Amino acid sequence: MSDFEKKGWFKVSLPEGWEVDDSEEPLSFYHPEGAGALQATVQAPRPLKPGQKVDVYLMLRAFLQQTGVDIEGIDARRYAAGGLDWAACEYAGESPEEEDLVWRVWMATNHDVVAFFTYACRGEEKESERAVVDGILAS
């Protein structure tokens, strides 16, 4: 395992063999011989009024709506883990090459920072890195 940290924003543990491309946003985490890439964008949310909290589930719904995904037709959920509020979903889509893809999307916040993660791979490989990606996010 090795750690990757974006100072002041977040830190994740990466399994042996996984690499980081942090040359531009979004950041990409991947295994050179893997099925897909985990991408991350992190930013401060718009200023909140006292007592307000960031609702990452509503942010996830807005993202899906912008990308043309019907949130009613997928399993989108909110949960708390690791001291963060999370929203996540998984859905099937197509790539420009007309391949069937599986997209996994997460949003997480501690209410000071919002992290947006996506992972995409070919449909037939959707299980090959699932546990590894879940482990990276849990770290």
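Here the structure is a predicted model, which means the values were calculated and not measured. What you see below is based on every heavy atom in this structure, not just the backbone, and it leaves out hydrogens, waters and symmetry mates.
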Who are the side-chain contact (heavy atoms from CB on, under 4.5 Å) partners of [X], not counting sequence neighbours?
X: Glu24; answer: none
X: Gln43; answer: none
X: Leu58; answer: Asp55, Arg61
X: Gln66; answer: none

What closest approach, in Å, do Glu129 and Gly34 show between heavy atoms, and which atom pair accounts for it?
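That closest heavy-atom pairing would be OE2-CA, 3.1 Å.
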Nearest heavy-atom contact between Pro26 and Thr41 is CB-OG1, 3.4 Å
Partners passing ring pair (Phe, Tyr, Trp, His ring centres under 6.0 Å) against Phe29 (at least two apart in sequence or in another chain)
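Phe4.
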Partner residues of Phe63 under the ring pair (Phe, Tyr, Trp, His ring centres under 6.0 Å) criterion, sequence neighbours left out
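Partners of Phe63 by the ring pair (Phe, Tyr, Trp, His ring centres under 6.0 Å) criterion, ordered by chain and then number, come out as Phe116.
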Are [X] and [Y] side-chain neighbours, meaning at least one heavy-atom pair lies under 4.5 Å?
X: Trp106; Y: Thr118; value: no
X: Phe117; Y: Met107; value: no
X: Val20; Y: Leu14; value: yes
X: His31; Y: Glu19; value: no
X: Val105; Y: Leu60; value: yes
X: Ile74; Y: Leu64; value: yes
X: Asp21; Y: Tyr30; value: yes
X: Val12; Y: Trp18; value: no

Establish whether Val56 and Tyr91 are linked, either directly or via other cluster members, by ILVMFWY side-chain heavy-atom contacts under 4.5 Å.
yes
Is there a path of hydrophobic side-chain contacts, each under 4.5 Å between heavy atoms, that joins Val42 and Leu84?
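Yes, Val42 connects to Leu84 through the hydrophobic network.
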Test: salt bridge (Lys or Arg N to Asp or Glu O under 4.0 Å). Region: residues 25-46. Which pairs qualify, not counting sequence neighbours?
Lys6-Glu25
Set of residues satisfying salt bridge (charged side-chain N to carboxylate O under 4.0 Å, His left out) with respect to [X], sequence neighbours excluded:
X: Lys53; result: none
X: Glu16; result: none
X: Lys49; result: none

Mind checking the CE-OG1 spacing from Met59 to Thr109? Nearest 0.5 Å is all I need.
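One finds 7.5 Å between CE of Met59 and OG1 of Thr109.
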In residues 131-139, what donor-acceptor pairs under 3.5 Å come from side-chain atoms, sequence neighbours left out?
unit_1, atom_1, unit_2, atom_2, d
Asp134, OD1, Arg104, NH1, 3.2
Asp134, OD1, Arg104, NH2, 2.5
Ser139, OG, Ser13, N, 2.8
Ser139, OG, Ile136, O, 2.6

Over 60° means perpendicular and under 30° means parallel, so tell me whether Tyr79 and Trp86 are parallel, tilted or perpendicular.
parallel
Side-chain donor-acceptor distances from residues 120-127 under 3.5 Å, at least two apart:
unit_1, atom_1, unit_2, atom_2, d
Arg122, NE, Glu125, OE1, 3.4
Arg122, NH2, Glu125, OE1, 2.7
Arg122, NH2, Glu125, OE2, 3.4
Glu127, OE1, Arg130, NE, 2.9
Glu127, OE2, Arg130, NE, 3.3
Glu127, OE2, Arg130, NH2, 3.3

Given the rule in the side chain to side chain contact (heavy atoms under 4.5 Å, CB included) test, do Asp85 and Arg78 qualify, once you have shown the distances and angles that lead to the verdict?
CA-CA 7 Å; Asp85 289 337; Arg78 64 171 78 224; over 6 Å; no
